Amino acid sequence: MGINQQELKNILTQAVSETIENMAFMIVSTETKNPETIQGDEYLKTSLLILEPYPGELGLIMPKKLLSKIAVSLYSLSEKEITENILIDVISELLNTITGSLMRRILPDNFEYKLGLPESGDQILIETSSELEQFTFFIDDQPFTIAACLEAFYQ
Amino acid sequence: MMKIIIVDDSATARMIVRRCLEIAGCSDAEFIEAGNGKEALSLLKEHKVDFVISDLNMPVMDGEMLLKWMKASPKLNEIPLVVLSSAVNAAKDRVLLDMGAFAVMSKPISPAKINESMSALIPNKESGYGY
């Protein structure tokens with residue numbers, strides 16, 4: 001087993017697309033002609049440790065505006081009814097599902113894996129490694145980022 | 001009417017599971033929600049349910065421990081428990097099925113996955129077979 005950065009990007013794109021399309025019925029792209037500019041404080045962040053078979057960590061950084069749109073679609077609520085707690089729950093479940101989907105694609109079938117619980121907050125990401133990679137995706141021109149520390153999986 | 005317990009620490013995940021079950025044939029079911037395995041065990045004392053669908057990674061009591069408790073209990077060991085988690089693959093599936101899980105599904109869930117893995121638990125409207 002062992003992946004390189006290009007393979008990781010391809011596999012991560014599949015995992016992100018599968019998750020967003022199934023959970024939120026939205027299409028994910030890796031590029032856009034008119035990316036929206038989002039200010040730093042308009043994002044929510046969450047991270048998740050990979051505990052076994054190798055240590056790693058993934059983070060998801062997503063604009064609140066985009067999360068709100070996903071939450072409105074998921075919960076059938078109006079935008080006014082969407083609270084910060086709902087947004088945190090949505091981003092946490094998105095990252096949890098993306099990470100599982102990624103692990104199933106990276107690891108052979110006979111490798112069990114264990115994940116931690118998602119943690120949200122401004123200080124998240126990513127103390128576990130110097131090898132931090134970031135991958136940007138778009139939904140309706142709004143960017144979101146997956147940060148990954150998966151160097152142990154490169155060996 | 002069917003009664004189903006959905007166990008997940010994420011309210012978003014519980015809501016998605018409920019929607020998928022409704023689309024897959026459980027639209028008339030009563031859904032009860034628990035945030036971890038311990039809450040689910042407490043609810044199982046109060047409610048007679050048709051099946052439990054549970055996440056694995058949860059605080060307080062995880063899904064694997066919930067499965068062990070249910071299988072060890074003479075009152076609960078006949079209730080099917082379906083595992084739905086981001087932390088499962090073929091290797092983990094085998095372990096959970098050997099422990100007595102009815103089925104194991106990976107997230108993201110969909111009505112099609114439910115029909116594929118849980119058809120024996122869900123009413124089949126076309127054939128009239130089921131609950």
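Below, chain A is the first sequence line, B the second, and so on; all start at residue 1. Remember, it's a predicted structure, so these values are computed and weren't measured experimentally.
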Original post:
For the atom pair CD (A:Gln142) and CG (A:Asn34), what is the distance rounded to the nearest 0.5 Å?
Top reply: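 If I round to the nearest 0.5 Å, the distance is 12.5 Å.
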Subject >> A:Leu58 side, atom CG; A:Leu150 side, atom CG - distance, nearest 0.5 Å >> reply: 5.0 Å
Original post:
chain A heavy atoms under 4.5 Å from B:Ile109: which part of the residue, side chain, backbone, both or neither?
Top reply: backbone
Between [X] and [Y], is there a shared hydrophobic cluster once you connect ILVMFWY residues whose side-chain heavy atoms come closer than 4.5 Å?
{"X": "B:Met15", "Y": "B:Ile4", "answer": "yes"}
{"X": "A:Leu95", "Y": "A:Leu107", "answer": "yes"}
{"X": "B:Met65", "Y": "A:Leu51", "answer": "no"}

**OP:** Name the region of A:Leu115, side chain, backbone, both or neither, that has any atom closer than 4.5 Å to a heavy atom of chain B.
**Re:**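 A:Leu115 touches chain B through backbone and side-chain heavy atoms alike.
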Using only distance, no hydrogens or angles, which N or O donor-acceptor pairs sit under 3.5 Å between chain A and chain B?
| residue | atom | partner | partner atom | Å |
| --- | --- | --- | --- | --- |
| A:Leu74 | O | B:Arg19 | NH1 | 2.7 |
| A:Leu74 | O | B:Arg19 | NH2 | 2.7 |
| A:Tyr75 | OH | B:Thr12 | N | 3.1 |
| A:Tyr75 | OH | B:Thr12 | OG1 | 2.8 |
| A:Ser76 | OG | B:Arg19 | NH2 | 2.8 |
| A:Asp89 | OD2 | B:Ser10 | OG | 2.9 |
| A:Asp89 | OD2 | B:Ala11 | N | 3.1 |
| A:Asp89 | OD2 | B:Thr12 | N | 2.6 |
| A:Asp89 | OD2 | B:Thr12 | OG1 | 2.6 |
| A:Glu93 | OE2 | B:Lys107 | NZ | 2.8 |
| A:Asn96 | O | B:Ser86 | OG | 3.4 |
| A:Asn96 | OD1 | B:Ser86 | OG | 2.8 |
| A:Asn96 | ND2 | B:Ser86 | OG | 3.4 |
| A:Arg104 | NH1 | B:Ser86 | O | 3.3 |
| A:Arg104 | NH1 | B:Val88 | O | 3.4 |
| A:Arg104 | NH2 | B:Lys107 | O | 2.6 |
| A:Asp109 | O | B:Ala91 | N | 3.0 |
| A:Phe111 | O | B:Asn89 | ND2 | 2.5 |
| A:Tyr113 | OH | B:Ser86 | O | 2.7 |
| A:Tyr113 | OH | B:Val88 | N | 3.3 |
| A:Tyr113 | OH | B:Val88 | O | 3.0 |
| A:Leu115 | O | B:Asn57 | ND2 | 2.8 |

Original post:
Of all heavy-atom pairs between A:Pro55 and A:Phe153, which one has the smallest distance, and what is that distance?
Top reply: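 Answer, listing the atom of A:Pro55 first, then A:Phe153: O-CE1, 4.1 Å.
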Original post:
Got a sec, which residues hit ring-ring contact (aromatic ring centres under 6.0 Å, His included) with A:Phe137, two or more places apart in sequence or on another chain?
Top reply: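 Partners of A:Phe137 under the ring-ring contact (aromatic ring centres under 6.0 Å, His included) test: A:Phe144.
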